[in-house]
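Encoded as structure tokens, the structure appears first; notes follow it.
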Amino acid sequence: MASRTARPSSEVVPWYRNVKLIAVFAQIIFVVIVLIVLAILVFNVSRGVKTLGVRTGFGFLADRAGFPLSESLIPYDQNASYARAMLVGVLNTLKVALLGVVLATLLGIMVALMRLSNNWILKQIATVYIETVRNIPLVIQIFFWFSVLLVPSLPSGVNALRFGPIYFNNSSGLIFPWPFASSNFRHWTIWLILALVLAIGVYWWRRRTLLRLERPGNPFWPAAAAFLLVAAVGYFIALAQSRFPENLLVSLDADRGRVNSVLDVNANGTVDNQDTPYATVPVIVTFESASFEVNPQRRTEQRKEINSAFAFPSLRKSEFEEARVEFVNPDLNDRLSVHYTGFPTTGIVYEDRNENERFDAGEDLDESTGEGFEGNDYKLVLFIEGFKRRVLTERDGETRVPRFDSYENASFERLGPSPLAWSFPNFPTDKTLVTGGATLSVSYLALLLALTFYTASFIAEIVRGAILSVPKGQTEASKALGLSNNQTFNLVVFPQAFRIIIPPLISQFLNLTKNSSLGIFCSYQEFFAVSSIVNNQSGASMPIFFILIGGYLIISLTFSFLLNLYNARTQLVER
Amino acid sequence: MLQPALPPPVRETGTLAWMRRNLFSNLWNALISVVALVVIAWGVLSLLNWMVFAANWDRVWANLRLMSIFRYPIELVWRPMASVMIVIFLFGMSAGLSKDGTGRIVRSAYNWMMGFVGFITLVALFAFPSVRFLWIAVVVLGVAGFWLARAVPVLAKALPWLWIASWFVSLFFLLGVGGNGNNPTGLEFVPPNLWGGIILTFFFSVTGIVLCFPLGIALALGRQSKLPAIKYFCIFYIEIIRGAPLITWLFTASLLLPLFLGGIRPEAIIRAQVAIVLFAAAYMAENVRGGLQALPKGQREAAHALGLTPWDSMRLIILPQALRSVIPAIVGLFIGLFKDTSLITIVGLFDLFAVALKVATQPESKLIAGGIVRELFIFMAIFYWFFCFRMSVASRQLEQELGLGTR
Amino acid sequence: MDSVVSALAPTGGQTIIDISGLNKWFGDFHVLRNINMSVNKGEVVVVIGPSGSGKSTLIRCVNRLEEHQQGKIVVDDIELTDDVRNIDKIRRETGMVFQQFNLFPHLTVLDNVTLAPIRVRKMKKSEAEQKAMYYLEKVKIPEQASKFPGQLSGGQQQRVAIARALTMEPKVMLFDEPTSALDPEVVGEVLEVMVNLAKEGMTMIVVTHEMGFAREVGDRVVFMDAGQIVEVGTPEHFFVNPQEERTKSFLSKIL
Ligand SMILES: Nc1ncnc2c1ncn2[C@@H]1O[C@H](COP(=O)(O)OP(=O)(O)O)[C@@H](O)[C@H]1O
Ligand SMILES: [Mg+2]
């Protein structure tokens with residue numbers, strides 16, 4: 001074979017007419033422009049870092065976070081680092097996204113089948129649902145679930161709805177019994193491993209038998225049955241071996257993900273650490289049960305309940321001037337405003353004037369200073385990430401924070417000795433903390449419902465489109481072969497539709513995950529919300545930008561990796 | 001002898017037969033139908049009951065101006081209205097000029113729009129004297145545009161340019177020319193931080209789609225390019241932008257843009273708009289790429305073989321076809337943008353949603369038992385639904401018309 | 001290494017296309033192997049060969065729709081190099097007709113035909129339209145000028161494509177299986193146009209499976225297989241008395 005040298009050219013072509021060189025030069029020019037733009041940006045940023053006092057570097061991640069988070073899957077309190085706070089956010093994102101994906105898929109398939117059914121009413125219901133939900137912005141749907149439906153219509157506090165051991169109110173959310181692994185779980189693990197090994201064995205054996213007998217069938221079910229059987233038997237044996245340890249430590253709620261953040265408040269109700277940014281503390285439902293110390297002489301003081309339905313990221317400190325917010329009372333300024341790291345653009349302030357638990361239209365907090373903020377661009381409201389908080393203010397401007405129960409005063413729960421110990425909610429009838437069980441907060445539920453219903457409308461259309469796209473000839477051919485309706489759908493139509501469904505379905509999963517960032521609109525503390533709190537507190541906007549974008553990019557890339565994997569597999573099968 | 005054609009055996013027709021087929025085909029279906037009918041009837045009735053008797057619409061009604069134009073000076077309200085008039089006039093012209101299948105879709109959208117505008121005009125006629133004549137002018141211009149275009153069909157050539165110009169003119173009207181307070185023409189400067197409500201929602205989404213268009217096309221072409229530097233840059237940009245949710249980009253723009261610009265701090269509205277345009281461009285690029293990929297390779301080759309320059313073949317052969325085939329996707333993108341503008345609340349801007357939240361916290365609103373969140377929600381839901389639904393219908397019709405939906 | 005059949009020396013006249021030592025690879029796949037061929041002014045060269053033998057690639061190299069890696073292609077004394085000016089010139093001098101017509105569906109027939117004269121030859125619009133109508137009459141569809149390609153039959157579309165190429169008044173026409181995508185009953189109308197064209201003295205390279213056409217108007221027939229020119233000859237010689245074994249077996253399959 002001839003060697004592949006360049007074509008000899010009989011004449012010398014000037015570079016600006018040479019297609020190859022033009023391409024090279026175009027790219028060089030492009031790269032140079034990109035580099036210049038980048039250099040300008042880097043220069044500006046580095047100058048801005050000096051003049052605007054923006055933090056760079058990831059060192060801040062190790063700093064103390066100083067704010068509590070109302071929901072966490074891992075132990076967290078405000079002494080934890082920023083990094084841990086962000087991790088809590090990521091886990092909260094996953095918590096809502098994973099369940100949302102499952103529920104949206106189920107609902108989507110159901111709606112698609114309704115739309116394809118031959119019942120006219122069902123068809124119309126499905127159509128109306130899809131056409132409505134798709135065409136209303138997700139934020140407004142979150143607003144609906146949270147502020148229009150759940151919060152106003154659920155009873156508050158101790159008046160929770162009750163279904164047996166399940167409680168539901170608009171401050172704590174849904175509280176229900178939940179099994180936790182106790183110290184005796186290890187007796188059971190050996191059985192679980194055994195069950196898994198056996199299940200794999202059964203699967204393999206059953207598959208071979210089916211192949212040998214040349215029968216259709218699914219080896220999965222016998223394997224699953226074997227697993228369940230062994231696991232169940234093992235559970236009872238483990239139960240018999242289980243002992244109540246003599247000195248089992250009570251497990252604090254903090255270990256269950258419902259962190260009851262306790263401020264640095266000592267037993268007599270004063271704040272130890274004056275630096276505690278208590279006003280930016282996300283206020284969580286359990287605070288409601290905090291006891292107040294009300295000075296008897298000052299019965300006239302106002303009791304305010306600040307109910308922030310929507311927490312917005314506050315403006316940065318450097319924007320204070322823009323907002324033109326000023327406290328007339330310097331004392332209040334010291335004790336509150338410095339800790340209000342921001343001025344959310346809006347918020348809802350309720351006031352319980354008559355102390356009858358009905359919250360009337362409230363004023364802005366500044367009313368306590370006798371100074372209104374009307375006419376300003378921004379209303380000043382406490383920056384509250386959580387749901388409810390009471391603040392006692394006094395006319396003379398002295399402000400007191402409520403005293404919160406410390407750990408010693410919280411009620412504890414001993415888990416039973418069985419490997420999986422059911423923890424039942426201990427719902428307070430007085431003003432103590434809810435303990436036991438597991439909780440899904442109202443914010444979580446609102447976001448989950450909104451994401452599920454919104455995404456399901458898209459999934460339904462994907463599924464319907466895919467099923468309709470299977471040519472009619474396929475159905476006819478399989479009917480002609482004598483397959484029943486069900487067999488036709490299960491063996492011929494659905495497998496073909498499935499291939500079409502998967503890629504857009506995965507992209508809907510991705511959309512759902514990205515949309516979970518709107519949790520900030522219902523005070524759900526997922527990745528984005530936590531990042532924006534961290535940004536407000538630390539001012540490290542550059543590194544947080546990289547973490548945020550990088551974090552979401554990793555999620556996206558994971559999804560596209562799954563998609564590529566799937567595509568590669570189906571292509572292999574097609575050959 | 002030829003067998004004569006016989007009438008078919010008696011077919012079941014009429015309502016009863018229809019009901020038997022579609023509602024009560026078997027016991028199970030009948031059960032579902034009955035239960036569903038009862039539940040729907042109950043739900044619709046109680047909703048209507050609430051909306052008519054229990055809901056308190058006074059606050060929504062009283063705040064209509066706030067929710068439409070926010071703090072745009074009321075004495076200058078003719079300026080946003082002038083933008084509406086321009087758009088309606090051009091819409092009328094487009095409808096008047098359209099002929100073939102796609103034209104039918106434009107015309108029916110125009111009819112809807114005129115119905116909607118007519119409705120508002122009627123309301124304004126009785127309830128809002130300050131804008132009464134402005135709305136009448138809107139209707140008149142909408143109709144005039146239609147008939148003008150009918151009478152002078154050559155305008156078809158100018159139409160695309162008029163549409164592009166209309167954006168600039170609208171911007172000009174909204175913004176004004178400066179001279180605070182005492183500009184005799186009434187065109188004094190209205191800073192964008194006074195804009196809000198529905199005009200902001202519309203302005204943001206329209207500007208987003210208009211400005212992201214050239215950028216999106218450039219990115220799509222770049223992604224298809226044979227030159228690796230350009231190609232990978234475009235892929236990088238598109239994938240990064242699409243990888244993270246819009247809200248993070250709004251957040252980024254509002255925090256970091258001043259930093260990137262060396263301390264220059266553009267208005268919040270500009271920061272948000274930049275974020276939306278850069279964000280939408282990535283999605284636009286993917287849509288356009290779809291159109292480019294769907295174009296047969298032969299088109300490009302034929303253009304080359306004829307000796308057209310790359311620029312000409314792009315402009316005259318490739319883009320016209322590729323863009324035409326992705327019109328439905330672009331409409332879809334616009335619907336997405338229109339819905340997504342509700343996120344600009346996050347950077348402190350007052351679109352409809354943010355204003356509604358503000359209205360909910362007004363002292364007067366909170367005097368009402370239970371607040372007015374439900375009423376506000378219904379108002380917003382209907383507003384968004386009306387426009388998004390109409391556009392998605394148009395998008396679907398276009399898809400069918402362009403023969404994409406039937407594959 | 002491979003058997004190289006030297007191009008049959010053109011019988012007098014002036015060479016307009018000269019290809020020598022042409023090699024091309026798609027990745028590692030050696031698709032054109034040492035092709036030598038020249039075409040005279042006014043000559044009709046018919047290229048035949050089994051599918052995948054590189055016929056299309058060969059003629060697409062002539063107007064740089066495909067880039068060649070080795071060898072020399074000269075069209076009308078212009079060498080095809082990386083020089084954009086030369087590429088543009090050669091594309092202006094060669095017209096191409098594709099198997100799939102490749103008409104521009106968003107333009108009317110007239111616009112399809114006048115596009116290149118106006119944009120590339122910088123002709124005035126009226127002049128271009130006059131010329132376009134002349135060639136549309138030549139391919140016998142002047143009455144379809146204001147229609148869109150989608151409204152025409154395959155045969156009509158292909159004739160428009162020929163008119164489109166002719167309106168640029170090229171010195172050479174390249175045809176890549178112009179009748180393969182057509183229904184049998186309309187093949188004739190396209191071939192008729194091509195025969196007329198050949199008779200008027202147009203230089204043509206035609207890839208086709210229409211052996212009747214090759215016999216009637218072909219000056220030379222080139223048989224390609226596996227990227228090589230296996231045999232070249234006049235139609236009489238080629239069809240009646242093929243020399244090579246591969247040619248014989250190919251002919252026996254298609255005749
Ligand atoms: N763009 C390309 N990339 C890779 N291989 C190609 C490409 N175009 C054609 N080929 C291969 O080159 C060979 C010759 O193709 P072609 O010239 O189209 O053959 P013919 O026209 O004789 O049928 C075929 O095997 C084909 O698969
Ligand atoms: Mg070919």
Side-chain angles (χ1 to χ4, degrees), chain A residues 23 26-27 30-31 34 41 43-45 47-48 51-52 54 118-122 125 131-132 134-140 143-144 147-148 152 310 312-313 315-316 345-350 360-363 377-379 514-515 517-518 520 528 532 535 541-542 545 548-549 552-553 556-557, chain B residues 21-23 25 29 32-33 36-37 40 193 226-230 233 239-240 242-245 247-248 251-252 255-256 258-263 335 338-343 345-346 348 350 353-354 357-358 360-367 370-371 373-374 377 380-381 384-385 388-389 392:
Chain A
Q27 294 189 68
F30 181 79
V31 170
V34 169
L41 292 186
F43 173 75
N44 280 343
V45 169
R47 211 180 46 178
T51 55
L52 301 177
V54 180
N118 53 12
N119 184 308
W120 185 82
I121 288 267
L122 287 186
I125 293 176
E131 293 299 347
T132 310
R134 282 173 93 126
N135 288 316
I136 295 175
L138 181 57
V139 190
I140 287 175
F143 173 74
F144 168 75
S147 305
V148 179
F310 288 88
F312 300 109
L315 304 171
R316 293 180 328 136
T345 51
T346 186
I348 304 173
V349 181
Y350 288 111
D360 303 322
E363 298 91 315
D377 283 355
Y378 300 97
K379 270 191 179 172
K514 287 194 286 184
N515 282 336
S517 59
L518 302 193
I520 195 169
F528 177 72
S532 83
N535 175 59
S541 36
M542 253 343 246
F545 160 73
L548 252 184
I549 302 304
Y552 279 110
L553 204 64
S556 300
L557 290 180
Chain B
R21 238 187 355 261
N22 291 301
L23 293 177
S25 59
N29 256 341
I32 291 178
S33 301
L37 276 175
I40 289 174
N193 60 11
K226 282 198 214 88
L227 312 182
I230 294 173
F233 174 83
E239 293 307 328
I240 294 270
R242 281 164 20 109
I247 198 169
T248 60
F251 175 80
T252 304
L255 285 178
L256 296 185
L259 203 56
F260 285 141
L261 296 180
I335 297 173
F338 188 70
K339 289 193 290 179
D340 280 347
T341 46
S342 48
L343 296 184
T345 319
I346 204 84
F350 285 94
F353 178 54
L357 290 182
K358 207 178 162 72
T361 63
Q362 286 168 341
E364 299 90 327
S365 306
K366 279 187 275 169
L367 286 175
V373 280
R374 281 168 293 191
F377 166 72
M380 285 188 287
Y384 277 107
W385 181 84
C388 295
F389 177 69
S392 63

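These values consider heavy atoms only, across backbone and side chains, with no hydrogens, waters or symmetry-generated copies. The sequence lines fix the lettering, A, B, ..., with proteins before strands; numbering per chain opens at 1.
- Contact annotation: the side chain of A:Phe528 never approaches that of B:Pro245 to less than 4.5 Å [non-hydrogen atoms, C-beta and beyond].
- A heavy-atom distance below 4.5 Å is not found between the side chains of A:Leu138 and B:Lys339.
- The aromatic rings of A:Phe143 and B:Phe377 lie tilted to each other, with the angle between the two planes from 30° to 60°.
- Summarising the geometry, atom CZ belonging to B:Phe260 is positioned 6.0 Å from atom CG belonging to A:Leu41; distances are rounded to the nearest 0.5 Å.
- Using a 4.5 Å cut-off between heavy atoms, B:Ser392 touches chain A through its side chain atoms alone.
- Contact record, B:Trp385 with A:Glu131: NE1-O, 3.1 Å, taken as the closest heavy-atom pair.
- If you tally non-hydrogen atom pairs under 4.5 Å between each of A:Thr132, A:Leu122, A:Asn44 and chain B, the highest count goes to A:Asn44.
- Of the two parts of A:Leu548, only the side chain, counted from C-beta on, holds a non-hydrogen atom closer than 4.5 Å to a non-hydrogen atom of chain B.
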* For side chain to side chain contact (heavy atoms under 4.5 Å, CB included), just list the numbers for A:Asn535 and B:Phe251, CA-CA rounded to whole Å, side-chain angles, deciding distance to a tenth of an Å, and then say yes or no. => CA-CA 10 Å; A:Asn535 175 59; B:Phe251 175 80; 3.7 Å; yes
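- Residue contact with chain B, scored on non-hydrogen atoms closer than 4.5 Å, involves the side chain of A:Val31 exclusively.
- A pairwise comparison of heavy atoms in A:Ser147 and B:Val373 identifies O-CG2, 3.7 Å as the closest pair.
- Between the A:Asn119 side chain and the B:Asn29 main chain, a donor and an acceptor come within less than 3.5 Å of each other.
- Across all non-hydrogen atoms, the minimal contact from A:Ile121 to B:Ile40 is CG2-CD1, 4.4 Å.
- Interatomic distance, CD1 of A:Ile520 versus CD1 of B:Ile247, reported as 5.5 Å (0.5 Å rounding).
- Looking only at heavy-atom pairs under 4.5 Å with chain A, the residue among B:Ile32, B:Ile230, B:Thr252 that has the most is B:Ile230.
- Using a 4.5 Å cut-off between heavy atoms, B:Phe233 contacts chain A through its side chain alone, with no backbone atom that close.
- For a residue to count as touching a neighbouring chain, one of its non-hydrogen atoms must lie under 4.5 Å from one of that chain's; by this rule A:Ile125 touches chain B with the side chain only.
- For chain B, the option among A:Asn515, A:Asn135, A:Leu518 with the highest count of heavy-atom pairs below 4.5 Å is A:Asn135.
- In terms of heavy-atom proximity, A:Ser556 sits nearest to B:Gly243 at OG-O, 2.8 Å.
- With a 4.5 Å cut-off on side-chain heavy atoms, B:Leu255 and A:Phe545 do not count as touching.
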